[in-house]
Student: 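Okay, handing you the structure first.
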Amino acid sequence: MIRGNKNSIRGAVLILVLGMLMVLSTIVSLFLNDVMRDTFMRIQLQGKDALRHHAYNALDALIGHLEHAVICDQIIDIKRFSLPSLQAALPESIKIQVNLVDESGKIPLNNTTQQRLKALFCLFGDLWDGQTLMREYWQWLSRKDSASNLIDLNQWEVQDKRRIHARTSVSEASKDKPDNKVKFPKILLSYDQLREIDKFREFFFDEKGQPNDKMERLKACSSLWNTGAVNINSANKDVLEVLSKSFFLDLDKIENHLGLTEESAKNPQRYKSLREMNELGHANLTLNRQKQNNETKASTKESFQKEDALSYLTIQPHTLKARILVEEADVSFQLNALLEIEATSKESLTKRSKNHLIDMKGRCSVVIKSVSENFL
C-alpha cells in the first residue's frame, strides 16, 4: 500500500511538471511570436518610409515637368505622359508608376450652366429626362445651408463680445455678428450623394443602391474637381457631344484627329490652339469678344448665337489627378494628389540686343490641392 501511494505521488508530480513545461513553452512561443511580429512590422514600416520618400520625390519631379512644359508652350499629352528619367535614378529593386487623369477634360458638375447640365444628362435619356435630371440637380445645388450641431466655433463668441464692448451701439454690433455655426458645403463632393435625388436613384443606381453602368459613364465624362475650362485634347466622345450643343463642332473630324476612333487610335494628334481647329475645318469657334458690325449683328439675330470659346474651351490641362505607386518586392506605397496648373499670362518683357529681341514669357505654378497616402 505504501509503495503504491509513492508511485501515484510520483506520477502526479510528473504530470504537474509536464503541465508547467507546456505552459512555459506556450508563453515563450507567444512571446517569440510577438517579437517576430513587431520586428516584421518595423521592417515593413521602414521599407514603406523609404518608398514614401521616393513617391514624394516623384511628385516633385512631376510638378517640375508640368511647369516646364507649360512655360515652353508644349502640349501636355496625358495619355502618352511618362517620366523616363525618373526610373533611371531609382534602385533596380524599386518600381514606380505615375498615372495621370485629366479632370479638365470633363464637364464640370459644380461650376456650370443649366444648358450644359441639360446637354450632359440627355446622354442618359431623352430630352424630357435630361430636362428633369437637370432641374432636380439644380434644385439640389440650390438647397438651403445646413448647419452642424456637433461643431461649434467658440472663438467666434469671444470675438463677438469684444466687438460688442468696443462699439457704442449694440444694434450695429448685432448686425455684424458672424454666424458661429459650421455649414456643410452645398457642392457635390461624391457621386454617392446623388442617391439623395429621386430621379438620379432611378437612372444611376440599381435596386440595391449600387452604382450601375450609367454611373460609370457619368463619371467618365463629368468631374467634381474641374471648375474651369474644358480641355478639348482630353475630351472623350460624350464630352464632345455635350460641347457640340454649345459650339459648332465637326464631331467626326475631331474624333479622328484625337484618335477616338478605331482607324485613328494608333496615331492620335493634339490641337496646338483653338484657332487651329478653325483652320483645319474641324470647328467654327468664336475666339474674340469684339463687337460685330451692324450687318453681322443683323444677320446673327435670326441665326444661332455662337458662344465665345475662349471662356469655356482650352487645349491644355489645368486640373490633374495623379496616382504615384512605388513598389519594392511585396511592399508598396501609393500617393494620390490633386494638382492645379496655374499659368500666368505671357508678359511682353523684352530685352534689346544688337540683332534681336529676347522674349521673357510668363511663369507657371502647379499647386497641390490635396494629398492622400495609402499604406496598404
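What you see below is based on every heavy atom in this structure, not just the backbone, and it leaves out hydrogens, waters and symmetry mates. What you see is a predicted model; the values in this text were computed from it and never measured.
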Student: Short question: side chain of R52, backbone of F333 - any donor-acceptor pair under 3.5 Å?
Tutor: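 The answer is no, because no donor-acceptor pair under 3.5 Å joins these two groups.
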Student: Once rounded to the nearest 0.5 Å, what's the spacing between atom CG of L313 and atom CG of L249?
Tutor: 7.0 Å
Student: When rounded to the nearest 0.5 angstrom, what is the spacing between OG in S332 and NZ in K95?
Tutor: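 Rounded to the nearest 0.5 Å, the OG-NZ separation comes out at 15.0 Å.
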Student: Any luck finding a side-chain donor-acceptor pair between S223 and E103 under 3.5 Å?
Tutor: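 Yes, because at least one side-chain N or O of S223 sits under 3.5 Å from a partner of the opposite role on E103.
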Student: Search all heavy atoms of R116 against all heavy atoms of S246 and return the closest pair with its distance.
Tutor: NE-OG, 4.1 Å
Student: Of the non-hydrogen atoms in F247 and A309, which two are nearest, and what is the gap between them?
Tutor: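 Shortest heavy-atom separation between F247 and A309 comes out as CE2-CA, 3.7 Å.
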Student: Would you say the side chain of D198 lies within less than 4.5 Å of the side chain of R201, judging by non-hydrogen atoms?
Tutor: yes
Student: May I ask you to test the Q193-L188 pair for a side-chain heavy-atom distance under 4.5 Å?
Tutor: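 Yes - at least one pair of side-chain heavy atoms lies under 4.5 Å apart.
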Student: Could you state whether L224 and I187 fall into the same hydrophobic cluster, counting links through intermediate Ile, Leu, Val, Met, Phe, Trp or Tyr residues with side-chain heavy atoms under 4.5 angstrom apart?
Tutor: no
Student: Kindly indicate whether the side chain of L260, heavy atoms from C-beta on, has any atom under 4.5 Å from the side chain of L240.
Tutor: yes
Student: Establish whether L59 and L325 are linked, either directly or via other cluster members, by ILVMFWY side-chain heavy-atom contacts under 4.5 Å.
Tutor: no
Student: Nearest 0.5 Å, please: how far is CD in E202 from CD1 in I197?
Tutor: 13.0 Å
Student: Does K219 have more than 12 heavy atoms from other residues, nucleotides or ligands lying within 6.0 Å of its NZ?
Tutor: yes
Student: So which of W128, F200, W138, F203 actually passes ring pair (Phe, Tyr, Trp, His ring centres under 6.0 Å) with F121?
Tutor: F200
Student: Would you check, one step at a time, whether the test side-chain contact (heavy atoms from CB on, under 4.5 Å) holds for I63 with I368?
Tutor: CA-CA 9 Å; I63 292 175; I368 302 177; 3.8 Å; yes
Student: Taking atom CG of D60 as the centre, does the number of heavy atoms from other residues, nucleotides or ligands within less than 6.0 Å exceed 12?
Tutor: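 Check passes, neighbour count above 12.
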Student: Using a 4.5 Å cut-off on heavy atoms from C-beta on, say whether the side chain of K253 contacts that of L280.
Tutor: no
Student: I'd like a table of donor-acceptor pairs (distance under 3.5 Å, sequence neighbours excluded) in which one partner is a side-chain atom from residues 15-32, with atom names and distances.
Tutor:
from	atom 1	to	atom 2	distance (Å)
S25	OG	L21	O	3.1
S25	OG	M22	O	2.7
T26	OG1	M22	O	2.8
S29	OG	S25	O	3.2
S29	OG	T26	O	2.7

Student: Does any part of the side chain of N212, heavy atoms only, come nearer than 4.5 Å to the side chain of F204, both counted from C-beta?
Tutor: yes
Student: Can you tell me if H318 uses its side chain to pair, donor with acceptor, with the backbone of S104 under 3.5 Å?
Tutor: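 No, H318 side chain to S104 backbone: no donor-acceptor pair under 3.5 Å.
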Student: Any chain of hydrophobic side-chain contacts (each under 4.5 Å) joining L189 to L194?
Tutor: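 Shared cluster, no.
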Student: For a side-chain contact (heavy atoms from CB on, under 4.5 Å) check, start with the C-alpha distance between L320 and L66, then their side-chain angles and the critical distance, and finish with the verdict.
Tutor: CA-CA 11 Å; L320 300 175; L66 294 174; 3.7 Å; yes
Student: If you look at every heavy atom in Q316 and I76, which pair is closest and at what distance?
Tutor: OE1-N, 3.3 Å
Student: Counting C-beta onward and ignoring hydrogens, is there a side-chain heavy-atom pair between L258 and R270 closer than 4.5 Å?
Tutor: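 Yes, side chains in contact.
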Student: Does the side-chain contact (heavy atoms from CB on, under 4.5 Å) test come out yes or no for I96 and H54, once each step is laid out?
Tutor: CA-CA 9 Å; I96 186 168; H54 288 301; 5.5 Å; no
Student: What is the distance from atom CZ of R275 to atom CG of N278, rounded to the nearest 0.5 Å?
Tutor: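 Rounded to the nearest 0.5 Å, the CZ-CG separation comes out at 7.5 Å.
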Student: Out of curiosity, I232 CD1 to Y312 OH, how far, rounded to the nearest 0.5 Å?
Tutor: 10.5 Å
Student: Taking all non-hydrogen atoms of both residues into account, name the closest pair between V331 and L51 and its distance.
Tutor: O-CD1, 3.6 Å
Student: How close do E67 and S365 get, heavy atom to heavy atom, and via which atoms?
Tutor: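 In terms of heavy atoms, the two residues are closest at OE2-CA, 3.6 Å.
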Student: Go through the steps for Q334 and N336 under the test side-chain hydrogen bond (donor to acceptor under 3.5 Å, both in side chains), then give the verdict.
Tutor: CA-CA 7 Å; Q334 181 173 316; N336 301 314; 3.1 Å; yes
Student: Counting only heavy atoms not in E196, do more than 12 sit closer than 6.0 Å to its CD atom?
Tutor: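 Correct, the count exceeds 12.
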Student: Could you tell me whether the side chain of D129 reaches within less than 4.5 Å of the side chain of K199, counting heavy atoms only?
Tutor: yes
Student: Could you check if a side-chain atom of C221 sits within less than 4.5 angstrom of a side-chain atom of V239, using non-hydrogen atoms only?
Tutor: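 In short, these two side chains touch, coming nearer than 4.5 Å.
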Student: Could you measure the distance from the CD1 atom of I107 to the CG atom of L109? Nearest 0.5 Å is fine.
Tutor: 9.0 Å
Student: Tell me whether V101 shares a hydrophobic cluster with W225, the cluster being built from Ile, Leu, Val, Met, Phe, Trp, Tyr side chains joined at under 4.5 Å.
Tutor: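 V101 does not cluster with W225.
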Student: Just to verify, which of L338, T227, I341, N231 counts as forming a side-chain contact (heavy atoms from CB on, under 4.5 Å) with T319?
Tutor: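 Exactly one candidate clears the test, L338.
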Student: Please confirm whether the backbone N or O of F205 pairs with a side-chain atom of R195, one donor and one acceptor, at under 3.5 Å?
Tutor: no
Student: How close do G228 and P108 get, counting heavy atoms only, and between which atoms?
Tutor: O-CG, 3.8 Å
Student: Look only at the side chain of E255 and the backbone of D252, and say whether a donor-acceptor pair between them is shorter than 3.5 Å.
Tutor: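 No, because the side chain of E255 does not come within donor-acceptor range (under 3.5 Å) of the backbone of D252.
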Student: Take Y56 and I324 through the test side-chain contact (heavy atoms from CB on, under 4.5 Å) and record every step on the way to the result.
Tutor: CA-CA 9 Å; Y56 276 95; I324 301 175; over 6 Å; no
